[in-house]
2 protein chains.
Amino acid sequence: MDKSYSNGKLRPSKQRDRILELLRHTGIHPTAQWVYDQMVKEFPHLSMGNVYRNINILLKQGLIKKIDFGSTFDRLDANTSRHYHFVCETCSAITDLQIPYDPSLDQRVNANTHFAVNRHKIQFYGHCEKCVPNTKKEKDP
Amino acid sequence: MDKSYSNGKLRPSKQRDRILELLRHTGIHPTAQWVYDQMVKEFPHLSMGNVYRNINILLKQGLIKKIDFGSTFDRLDANTSRHYHFVCETCSAITDLQIPYDPSLDQRVNANTHFAVNRHKIQFYGHCEKCVPNTKKEKDP
DNA sequence: GTTCATGCAAATCGTTTGCACAATG
DNA sequence: CATTGTGCAAACGATTTGCATGAAC
C-alpha cells in the first residue's frame, strides 16, 4: 500500500500545489482524468503519470481523500437484500451486519435537499475480532 | 454500462449455476479470482473470461450485487472532514451532504458485534435536481 | 442449423513505475 | 552534488472482448 513515492522531504511543486487548489475549489469530486484535463491547460507538457504521482502524495499527506471502499478488487455479494457492511482495515474481510436497514435516513436527506433519494449504503470500518485480539474480550458472557 | 452479454434468452449453464451457489454459500464477499480458484477445482479447463462473463450475467439478473460505488474511476475529495455523499444514479455526480456525521451509528455496531468500529461511510443514491426535473419542485419556497 | 456457452488469447482501461534529465536545496 | 520533480513510454493488474469451437434448443 505504501509505495513511498517520496520517502524524504518534499520539495515545493507548482503542479502539486495547483492540483490541491483545484480539488479544494471544486465540489464535483473529480477523477484523475478531470484533474489532468484542467491542469494541461496551464502546463501543456503535463503527463498523466505526474498527476497520479502528485495525487498519491496528497493522499499520503492526508490533504485529500479517495472515495472508495479501500479495495482494488470488485467484491461480490449474493445477499441482494438491503444490509450494511463491516470492513476490517487490517485483513480486508467484509462482513454483513445484522442491524436493520434504516429508511428514515433516506427520508432525512430527502427532506433537507432537492435530491430524490431512494436508498443508501453504509460501510463501517475498524478491526475484526481476529485483528484486535486483545480488545473487546470482555464482551463475551 | 449495459454490454448485453446475452441479449436473447439464457441457456442453463452448470458453471453459472455453480458460481451462484458458491456465492450464496459463502459470507466472505469474494473477488472474481476467488470464485475462479474454487471453480477451477471442478472445471479444470475453466477460463477467467468465462467467470467474469457469468458474474456479469448474474449481476444483470440481479441475483448478485457488487460492493462498490458504481464508479470505475477513483473520485477525489479535498474535504477531509467526516461527511456523507449523495450519488446521482443518472449523471454520476457526487455531492457532499450537510447532515452531520453520526458517531452513534459506530457505537451501535460496536455494542452489537465483536468488531472494533471506528468510523463509517454512507452514500445515498437517487436522482439529483437536474435528473429529476419534474419531481420535488414543490420543495422550493 | 441458429443461437448461446465456453476456452483461449489478445485487447482494453485506469493506474503505476523505470528511466533520463531538469530543477531544487 | 545529492535528491526530488517531471515527461515519456513501458509495465501493470483487473476486467472485457473477438474468435473459433462445442453444446443446447
Rounded to whole Å, how long is the line connecting atom NZ of A:Lys60 with atom P of D:dT4? 11 Å
What is the distance from CG of A:Asp17 to C1' of D:dG5, rounded to the nearest Å? 12 Å
Hey, could you give me each pair passing ring-ring contact (aromatic ring centres under 6.0 Å, His included) that has a residue in residues 72-94 of chain A? Not counting sequence neighbours. A:His83-A:His85, A:Tyr84-A:Tyr101, A:Tyr84-A:His120, A:His85-B:His29, A:Phe86-B:Phe115
With a 4.5 Å limit on heavy-atom distance, are the side chains of B:Pro30 and B:Leu23 in contact? yes
What residues, two or more places apart in sequence or in another chain, satisfy salt bridge (Lys or Arg N to Asp or Glu O under 4.0 Å) together with A:Asp106? none
Write out a two-atom table: protein N or O, nucleotide N or O from nucleotides 9-15 of chain D, distance below 3.5 Å.
residue	atom	partner	partner atom	Å
D:dT15	OP1	A:Asp74	N	3.2
D:dT15	OP1	A:Asp74	OD2	3.3
D:dT15	OP2	B:Tyr52	OH	2.2
D:dT15	O5'	B:Tyr52	OH	3.2

Starting at atom CZ of B:Phe43, determine the distance to atom P of C:dT6, rounded to an integer number of angstrom. 9 Å
Whether the A:Gln123 and B:Gln123 side chains hold a donor-acceptor pair (N or O, under 3.5 Å, no angle test) is what I'd like checked. yes
Within the 3.5 Å criterion, strictly below it, is a donor on B:Gln15 or B:Asn50 matched to an acceptor on the partner's side chain? yes
Between B:Asn54 and C:dT6, is there a contact of a side-chain N or O with OP1 or OP2 at under 4.0 Å? yes
Measure CE/A:Met39 against P/D:dT6 and give the value in whole Å, please. 8 Å
CZ of A:Arg18 versus C1' of D:dT6: gap in Å, rounded? 18 Å
Which letters describe nucleotides 18-25 of chain D, given B = protein heavy atom under 4.0 Å from base, S = only from sugar-phosphate, - = neither? B----BBS
Among the nucleotides C:dA5, D:dG7, C:dG7, whichever has the atom closest to the side chain of B:Arg16 is C:dA5
Whole-Å gap separating P (C:dT3) and NZ (B:Lys9): 9 Å
Starting from P on C:dG7, measure out to CG on B:Leu46 and report it in whole angstrom. 5 Å
B:Tyr36 OH - C:dG7 C1' separation (whole Å): 10 Å
Check whether B:Lys121 reaches the backbone of A:Asp68 with its side chain - one donor and one acceptor, N or O, closer than 3.5 Å. yes
Only counting residues at least two apart or in another chain, list the ones meeting side chain to side chain contact (heavy atoms under 4.5 Å, CB included) with A:Lys65. B:Thr80
B:Ile122 versus B:Leu97: any side-chain heavy-atom pair under 4.5 Å? no
Please give the angle, rounded to 10 degrees, between the axes at the start and the end of the helix from C:dA5-D:dT21 to C:dG25-D:dC1, where five pairs define each axis. 10°
DNA chain C nearest-nucleotide lookup for B:Ser47 and A:Asn50: closer to the 5′ end is B:Ser47
Check whether any side-chain heavy atom of A:Met39 lies under 4.5 Å from a side-chain heavy atom of A:Tyr36, and answer yes or no. no
Tell me whether B:Glu21 is salt-bridged to B:Arg24, with the criterion being a basic N under 4.0 Å from an acidic carboxylate O. no
Heavy-atom count around A:Arg18 CZ within 6.0 Å, excluding the residue itself: above 12? yes
